[in-house]
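Every value quoted in this text rests on a predicted model; they were computed, and no experiment measured them. Heavy-atom basis, side chains included; hydrogens, waters and symmetry copies ignored.
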Amino acid sequence: MTSYDTVIGLDLSLTSTGIAVSTPGLKPWCGVIESTGKKGDSWATRYKRLSAIAYRILPVIPDCALVVIEAPSYGSVTGSQHDRSGLWWILYDLLAGTTRTVLPVEPTVRAKYATGKGTSGKDAVLAAAVRRYPHIDINTNDEADAVILMAIGLRLTGAPIDDPLPAAHLAALDKLWLPEGLTHAR
C-alpha cells in the first residue's frame, strides 16, 4: 500500500469548491473556495475564472498527496455544465503527472459511502457527515462532500477515520477504479 503524507478531498464547484485536508499529526479540516461569475461572461473571462479557481486550490495540495476528487456527473444538465467540466479538466491536468495521485470518485459512490445509498441527495450526505465526523467543522454541502471524499481516501490508504462503517457504506468502494498502490482496505 502506498503511503501518503496528506489526503485531500475535493468537491469542485464554480461558486463554492469544498476542500477537506488530512495531514498526520494535525486535526482534519475543511473549507470552501468561493467564486462568482455571470452567465453572459465572455470566453476569456470564463477561462480566467476557471484558472483562478484551480490556482487557488493548488497551494493547499502538497507534493505526494492523494487527491480524491469528485468525478464529473455526466448525467447533469443544470447550471453551466460545460464550465464545470472545464474546471475539472484544468485541475486534473495540473495534478496528473505530478507527484500527486488523483482518484476521481463518482457522485453516487460518494453518496453511498456517506449514507449507504448511492441516490442520496446533498442534504442527506451533509447530515451523515456532520454526525459521523463531529471533530471536523462541517458547515456546507460542499464541505461535507469534500470530507466524505477525504474519508474514502483515508480508508483506502489504511487510515480510516470512520470505523466502524456499515457494510452497505463500504460496498461503495467496490465501484472505484484505483490507482496503482491503493487497495480496497476495509
Side-chain angles (χ1 to χ4, degrees), residues 1-13 16-35 50-72 87-107 109-114 125-126 128-165 169-170 172-186:
M1 191 174 302
T2 302
S3 173
Y4 296 94
D5 290 334
T6 302
V7 176
I8 308 279
L10 284 179
D11 177 42
L12 295 183
S13 166
S16 179
T17 291
I19 299 177
V21 180
S22 176
T23 303
L26 300 175
K27 179 182 173 190
W29 62 271
C30 64
V32 294
I33 291 178
E34 296 178 329
S35 176
L50 300 180
S51 294
I53 295 168
Y55 280 101
R56 287 176 65 199
I57 295 167
L58 278 180
V60 178
I61 306 172
D63 290 339
C64 301
L66 172 61
V67 181
V68 185
I69 184 171
E70 186 166 282
L87 174 60
W88 196 93
W89 280 111
I90 288 170
L91 192 62
Y92 186 89
D93 182 59
L94 291 169
L95 295 171
T98 68
T99 61
R100 302 162 181 115
T101 300
V102 182
L103 173 61
V105 171
E106 294 177 17
V109 171
R110 178 212 12 97
K112 184 168 183 151
Y113 189 85
V125 171
L126 173 61
V130 167
R131 275 192 313 274
R132 187 168 300 124
Y133 311 106
H135 58 291
I136 303 173
D137 188 23
I138 303 169
N139 296 298
T140 69
N141 290 323
D142 305 309
E143 290 172 336
D145 288 351
V147 168
I148 297 298
L149 294 165
M150 176 189 71
I152 289 171
L154 287 166
R155 180 165 295 276
L156 293 173
T157 62
I161 60 169
D162 47 17
D163 266 344
L165 202 60
H169 299 241
L170 292 172
L173 302 178
D174 295 337
K175 300 207 179 240
L176 293 178
W177 181 266
L178 300 179
E180 186 177 328
L182 291 179
T183 62
H184 288 104
R186 303 275 172 132

Between V125 and N141, is there a side-chain heavy-atom distance shorter than 4.5 Å? no
Straight-line distance of D162 CG to I148 CD1, nearest 0.5 Å: 7.5 Å
Atom OH in Y133, atom CD1 in I138: separation rounded to 0.5 Å? 8.0 Å
Nearest 0.5 Å please: distance from the SG atom of C30 over to the CD1 atom of I8. 12.0 Å
For the residue pair R155 and H169, establish whether any side-chain heavy-atom pair is separated by less than 4.5 Å. no
Side chains of T98 and D63: does their closest heavy-atom pair fall under 4.5 Å? no
Looking at T99 and C64, what are the two nearest heavy atoms and their distance? OG1-N, 3.1 Å
Separation between OH of Y113 and CD1 of I152, rounded to the nearest 0.5 Å: 6.5 Å
Within the 4.5 Å heavy-atom criterion, are L91 and L10 side-chain neighbours or not? yes
Regarding S16 and D142, do their side chains bring together a donor and an acceptor under 3.5 Å, going by distance alone? yes
Indicate the ring-plane relationship of W88 and Y92, choosing parallel, tilted or perpendicular according to the 30° and 60° boundaries. parallel
Minimum heavy-atom separation for A54 to L87, with atom names? N-CD1, 4.1 Å
Taking the side chain as C-beta and beyond, is there a heavy-atom pair between L156 and L103 under 4.5 Å? yes
Are M150 and I161 side-chain neighbours, meaning at least one heavy-atom pair lies under 4.5 Å? yes
Using 0.5 Å steps for rounding, measure from the CG atom of D11 to the CD atom of E143. 10.5 Å
Student check: side-chain heavy atoms of T140 and D145 closer than 4.5 Å: no
Inspect the contact between E70 and R110 and indicate whether a charged nitrogen and a carboxylate oxygen are less than 4.0 angstrom apart. yes
Considering all heavy atoms, the nearest H135-K27 contact: O-CE, 2.6 Å
To the nearest 0.5 angstrom, please state how far the OG1 atom of T6 sits from the CG atom of L154. 10.0 Å
